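The next block holds one structure in the form of structure tokens; read it before the comments.
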Amino acid sequence: MVRPVIAGNWKMNKTVAEAVDFAVRLRTAYSTPPDRRVIIAPPFTALLAVADAIRGSFILLAAQNLHEAEKGAYTGEISGEMLREAGCSCVIIGHSERRTLFAESDDRINRKLRAALTVGLAPIFCVGESLRQREDGETEAVIELQLKEGLNNLTASDIGKILIAYEPVWAIGTGKTASPGQAEEVHRFIREWIARRYGPESGAELAILYGGSVTPKNIAELMAQPDINGALVGGASLDVDSFIQLVGY
Ligand code: PEP
């Protein structure tokens, strides 16, 4: 049984003070740690301060992106080592906003995944189809290509450190959620694909998160699906009370 994962992607939201306030309130909402992996992904500027606020707690810190190079002349970019130093244990890679707004290719995403694994960051690797691709019946082919290229040259041991997030692009920030059945179908496809390629254990142990307009209202029915092990949440993760409800779904 895969331990449920609830991850909040704050995107370009929250000042340092707001981020720390959220982290402290989340931490103090639990006298005993919840029985799930709880991850928050603040913007870069708040990582250090949030790391301080959650030190020794059950909360894990994620970054929203990294650069694949170790160091060098990449103005405005941040390396995996820097994220580790800032207290991160995870990093979101391949989010659809990075793919579409910043033209990140599958090959680039693959290099980022390998860079993250090299420094011991657990990647939350995002895949998902657009509305047109779904309507044209291309969902599985699109997901398969993203998996194949994104995970190129990774081993079963690498797969053991990765979380995959299925985020249909048409459901992100739109208020449209995939039905539990639609999401389950793709999650099962992903798990079976991983099991075929990396072995049944890799398939069984893989945490596959659903993302796309998840809220405290719809999370329980999504999480009731056998192949949905968690949620990657944008909008509804910004308010601490809403996030606490998501964690306690
Ligand atoms: C996301 O950005 O990963 C996401 C799923 O956003 P939202 O929950 O707002 O749809």
Side-chain angles (χ1 to χ4, degrees), residues 4-14 18-19 22 26 36-44 46-47 59-66 88 90-104 109 112-113 116 121-131 133-134 139 142-143 146-147 150 162-180 182-187 190 207-223 225 227-249:
V5 182
I6 307 297
N9 172 15
W10 294 353
K11 310 191 184 185
M12 198 171 73
N13 291 291
K14 292 195 191 294
E18 289 166 347
F22 182 113
L26 177 62
R36 36 209 61 168
R37 261 199 279 179
V38 178
I39 304 172
I40 50 177
F44 288 135
L47 287 176
I59 306 164
L60 300 172
L61 190 63
Q64 300 172 18
N65 183 31
L66 87 171
C88 293
C90 314
V91 58
I92 299 171
I93 296 178
H95 191 280
S96 68
E97 286 153 17
R98 301 289 324 168
R99 290 177 186 266
T100 54
L101 304 175
F102 302 95
E104 286 192 11
I109 289 163
K112 289 188 176 209
L113 284 169
L121 287 167
I124 303 174
F125 169 41
C126 303
V127 296
E129 81 289 1
S130 68
L131 184 58
Q133 290 165 333
R134 172 161 284 265
T139 300
V142 168
I143 303 293
Q146 291 174 345
L147 291 172
I162 288 179
L163 300 88
I164 293 183
Y166 167 56
E167 298 207 310
V169 179
W170 49 272
I172 297 179
T174 58
K176 281 188 203 148
T177 324
S179 70
Q182 281 174 320
E184 168 61 18
E185 216 177 310
V186 180
H187 280 234
I190 294 172
I208 310 177
L209 282 56
Y210 170 76
S213 299
V214 176
T215 66
K217 280 210 176 89
N218 60 24
I219 189 168
E221 54 174 355
L222 288 160
M223 292 297 294
Q225 301 300 311
D227 290 296
I228 300 185
N229 311 112
L232 177 57
V233 188
S237 76
L238 289 172
D239 174 75
V240 71
D241 295 321
S242 158
F243 192 66
I244 289 167
Q245 283 180 53
L246 289 162
V247 171
Y249 71 87

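Counting convention: from 1, in listed order, for ligands and their atoms alike. This structure is a prediction, so every number in the text was calculated from the model and none was measured.
Remark: side-chain polar atoms of N218 are paired, donor with acceptor, to backbone N or O of S213 under 3.5 angstrom. With hydrogens and angles disregarded, a donor-acceptor distance shorter than 3.5 Å links the side chain of K14 to the backbone of L238. When atom types are taken as modelled, the side chain of R99 and the backbone of G94 share a donor-acceptor pair closer than 3.5 angstrom. Side-chain atoms of E167 never come within 3.5 Å of backbone atoms of G128 as a donor-acceptor pair (strictly under, hydrogens ignored).
Heavy atoms of A171 found under 4.0 angstrom from ligand 1 belong exclusively to the backbone. Contacts of I172 with ligand 1, taken as heavy-atom pairs under 4.0 Å, involve both backbone and side chain.
Shown in contact with G235 at under 4.0 Å from a heavy atom are these atoms of ligand 1, numbered in order with element: 7 (P), 8 (O), 9 (O). Residue-ligand proximity, N9 to ligand 1, at heavy-atom distances under 4.0 Å covers atoms 2 (O), 3 (O). Remark: ligand 1 atoms within the under-4.0 Å shell around heavy atoms of K11 are 1 (C), 2 (O), 6 (O). Every atom of ligand 1 is numbered from 1 in the order shown, and the set under 4.0 Å from a heavy atom of G212 is 5 (C), 10 (O).
For ligand 1, the polar-atom distance check finds an N/O of G173 within less than 3.5 Å of one of the ligand's N/O atoms. Taking any N or O of A236, backbone or side chain, none lies under 3.5 Å from an N or O belonging to ligand 1. Ligand 1 has no nitrogen or oxygen under 3.5 angstrom from a nitrogen or oxygen of T174.
Below 30°, between 30° and 60°, or above 60°: for H187 and Y210 the angle between ring planes is between 30° and 60°, a tilted geometry.
Closest to atom 4 (C) of ligand 1 among all protein heavy atoms lies G234 N, 3.6 Å. Residue, atom and distance of the protein heavy atom nearest to atom 1 (C) of ligand 1 are H95 NE2, 3.2 Å. In terms of protein heavy-atom proximity, atom 3 (O) of ligand 1 is closest to E167 OE2, 2.7 Å.
Taking every heavy atom of both residues into account, K176 and W170 meet most closely at CB-O, 4.0 Å.
Between the side chains of Y166 and E129, at least one donor N or O lies within less than 3.5 Å of an accepting N or O.
Residue-environment remark: CD (E185) stays at or below the threshold of 12 foreign heavy atoms within 6.0 Å.
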